[in-house]
> 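What follows is a single structure, and I will ask about it in a moment.
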Amino acid sequence: MHRGPLREGEWVRLVDGKGRRHNIALEAGKRFFSNRGHVEHDEMIGREEGFTVTASTGGEYLVFRPLLSEFVVSMPRGAAVVYPKDAAQIVAMADIFPGADVVEAGVGSGALTCSLLRAVGPHGTVTSYERREEFADVARQNVRQFFGGDHPAWQLRLGDLAEELPASGARCDRIILDMLAPWECLDAAADALRPGGIVCAYVATTTQLSRFTETVRVHGGFTDPQAWESLVRDWHVEGLAVRPGHKMIGHTAFLVTARRMAPGQKAPMKKRRPAPGAYGADYTGPRPADVPLDLPPDVYVDEP
């Protein structure tokens, strides 16, 4: 992203006194119109961000370049976006580092892609697979808009990761799966990940969470998966009025991570037995190898 004076073609965010936000692309000779009058683009071009402009009827606007977290929640969408709270968790907990080779399945509208590209830096790579062409077109436009053009570290491929990644022969450090059935891509991910690499799934429902987690366990080539979600609550702070905000960002998705073992190696089996009924008669999903089919649920009780 750019520093210094605002340039023609850059996007800026205008915020009025009531917190209403407008994202515009600067263009010489144009005007921005609202119910507060109009603002000349020429008044903003060439100035350092972080100033106020006054509209023709007296309304004031604060002018900054949009942050990535601000951009992704207001950009055009073909599919639902990965919200900043989850993108931050993915970058941190999947340990996306500068120079990493990252593969992403399910580009959506390009929100997570922008975070991944920022994290890998100029010497890393992000390869995104998307099945639907209309989603890929929206993501391509959004990434170009945010970075001001084509990002040299990014490749966007139309197709199914489960088929395309093995055919490419590519190796990578991290794989992010944002799709309806990420377990269908697990074998392809395992073959492509370097030892010590991380697979991370972003899923919306508990059934998806269970299916993917148990599939990772049954695969045998990964460490025991870790699953969690994050909730964000803002606070109102004004003098002695300090209290939780009336709104919060609750459940958006679950995240699951696991690390790739070296070829031929398996993680030690868990010492702790499953919870009572965890793999009982009603359970129909993937079953760990050390859990028999014929034992009743009450056998699985924690040892003292």
Side-chain angles (χ1 to χ4, degrees), residues 1-88 107-118 134-151 154 231-250 252:
M1 296 302 293
H2 297 300
R3 300 187 183 96
L6 297 173
R7 292 180 275 270
E8 185 176 5
E10 282 195 282
W11 284 78
V12 294
R13 167 169 281 208
L14 277 61
V15 184
D16 67 15
K18 291 187 176 181
R20 289 176 294 206
R21 300 171 292 274
H22 307 272
N23 296 322
I24 63 171
L26 295 177
E27 187 175 339
K30 291 195 69 173
R31 288 176 171 177
F32 162 73
F33 291 90
S34 74
N35 60 352
R36 294 175 173 266
H38 67 265
V39 175
E40 303 286 347
H41 286 211
D42 291 339
E43 292 184 34
M44 297 178 277
I45 296 173
R47 297 182 64 179
E48 293 276 0
E49 62 181 314
F51 59 90
T52 59
V53 292
T54 303
S56 58
T57 59
E60 287 190 326
Y61 288 96
L62 187 63
V63 182
F64 279 98
R65 292 182 176 96
L67 302 174
L68 175 55
S69 59
E70 297 170 336
F71 173 77
V72 299
V73 296
S74 61
M75 68 187 190
R77 302 184 185 184
V81 301
V82 175
Y83 275 84
K85 75 178 185 70
D86 294 317
V107 73
S109 296
L112 178 60
T113 307
C114 291
S115 292
L116 296 176
L117 287 168
R118 273 227 176 141
E134 63 270 28
F135 290 172
D137 290 340
V138 172
R140 188 180 293 109
Q141 178 182 349
N142 285 331
V143 172
R144 284 174 176 167
Q145 177 180 325
F146 184 72
F147 289 104
D150 292 329
H151 197 292
W154 189 39
L231 310 175
V232 176
R233 182 174 68 178
D234 66 337
W235 278 70
H236 173 89
V237 181
E238 190 175 38
L240 295 177
V242 181
R243 55 172 174 72
H246 293 305
K247 296 180 180 179
M248 70 176 292
I249 304 175
T252 50

> Residues two or more places apart in sequence or in another chain: which of them pass side chain to side chain contact (heavy atoms under 4.5 Å, CB included) with Ala139?
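With sequence neighbours excluded, Ala139 shows a side chain to side chain contact (heavy atoms under 4.5 Å, CB included) to Val107, given in chain and number order.
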> Run the salt bridge (charged side-chain N to carboxylate O under 4.0 Å, His left out) test against Arg13 and tell me which residues pass, sequence neighbours left out.
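Arg13 satisfies salt bridge (charged side-chain N to carboxylate O under 4.0 Å, His left out) with no residue once adjacent residues are dropped.
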> Could you tell me which residues satisfy side chain to side chain contact (heavy atoms under 4.5 Å, CB included) with Lys30, sequence neighbours excluded, listed by chain and number?
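Lys30: side chain to side chain contact (heavy atoms under 4.5 Å, CB included) contacts with Glu27, His41.
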> Excluding sequence neighbours, so at least two apart, what forms salt bridge (charged side-chain N to carboxylate O under 4.0 Å, His left out) with Glu238?
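Expected list: none.
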> Checking Arg7 now: which residues fulfil side chain to side chain donor-acceptor pair (under 3.5 Å) with it, not counting sequence neighbours?
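Side chain to side chain donor-acceptor pair (under 3.5 Å) list for Arg7, sorted by chain: His2.
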> Locate the shortest heavy-atom distance separating Gly37 from Thr57; write the atom from each residue and the value.
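That closest heavy-atom pairing would be N-OG1, 3.5 Å.
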> When you look at NE2 of His246, are more than 12 heavy atoms from neighbouring residues, nucleotides or ligands closer to it than 6.0 Å?
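Counting neighbours around NE2 of His246, 12 or fewer heavy atoms of other residues, nucleotides or ligands fall under 6.0 Å, so no.
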> Residues in salt bridge (charged side-chain N to carboxylate O under 4.0 Å, His left out) with Glu40, at least two apart?
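In terms of salt bridge (charged side-chain N to carboxylate O under 4.0 Å, His left out), with neighbours along the sequence ignored, Glu40 is linked to Arg31.
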> Nearest 0.5 angstrom please: Ile24 CD1 to Trp11 CH2, how far?
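Those atoms lie 8.5 Å apart.
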> Pair Asp150, Arg144 - check salt bridge (charged side-chain N to carboxylate O under 4.0 Å, His left out), show working.
CA-CA 5 Å; Asp150 292 329; Arg144 284 174 176 167; 2.5 Å; yes
> Which residues pass the side chain to side chain contact (heavy atoms under 4.5 Å, CB included) test with Leu68, not counting sequence neighbours?
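Testing Leu68 for side chain to side chain contact (heavy atoms under 4.5 Å, CB included), a comparison that skips the adjacent residues, returns Val72, Cys114, Ser115, Arg118, Phe146.
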> Decide whether Asn142 and Ser109 meet the rule of one side-chain donor and one side-chain acceptor closer than 3.5 Å.
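There is no such pair between these side chains.
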> Is any side-chain heavy atom of Met75 less than 4.5 Å from a side-chain heavy atom of Val81?
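Met75 vs Val81: side chains touch.
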> Indicate yes or no: at least one non-hydrogen side-chain atom of Phe51 is less than 4.5 angstrom from one of Leu6.
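They are in side-chain contact.
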> Which residues pass the side chain to side chain contact (heavy atoms under 4.5 Å, CB included) test with Lys18, sequence neighbours left out?
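By the side chain to side chain contact (heavy atoms under 4.5 Å, CB included) rule, Lys18 matches Asp16, Arg20, Arg36.
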> Under the salt bridge (Lys or Arg N to Asp or Glu O under 4.0 Å) rule, what pairs show up with a residue in residues 42-58, not counting sequence neighbours?
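Every pair satisfying salt bridge (Lys or Arg N to Asp or Glu O under 4.0 Å) with a residue in residues 42-58: Glu49-Arg65.
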> Any side-chain heavy atom of Leu14 sitting closer than 4.5 Å to one from Arg21?
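A side-chain contact is absent here, since even the closest heavy-atom pair is not under 4.5 Å.
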> Excluding sequence neighbours, so at least two apart, what forms ring pair (Phe, Tyr, Trp, His ring centres under 6.0 Å) with Phe33?
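Once residues adjacent in sequence are excluded, the partners of Phe33 under the ring pair (Phe, Tyr, Trp, His ring centres under 6.0 Å) criterion are His38.
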> Going by heavy atoms in the side chains, are Thr52 and Val63 under 4.5 Å from each other?
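Not touching, per the 4.5 Å side-chain cut-off.
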> So Ile249 and Leu231, do their side chains get closer than 4.5 Å, heavy atoms only?
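Not touching, per the 4.5 Å side-chain cut-off.
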> Output the distance between atom CD (Glu10) and atom CD1 (Ile45), rounded to the nearest 0.5 Å.
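CD1 of Ile45 is found 9.5 Å from CD of Glu10.
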> Excluding sequence neighbours, so at least two apart, what forms side chain to side chain donor-acceptor pair (under 3.5 Å) with Ser34?
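If we apply the side chain to side chain donor-acceptor pair (under 3.5 Å) test to Ser34, skipping adjacent residues, the hits are Tyr61.
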> Mind checking what makes salt bridge (charged side-chain N to carboxylate O under 4.0 Å, His left out) contact with Asp137, not counting sequence neighbours?
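Salt bridge (charged side-chain N to carboxylate O under 4.0 Å, His left out) check on Asp137 returns Arg140.
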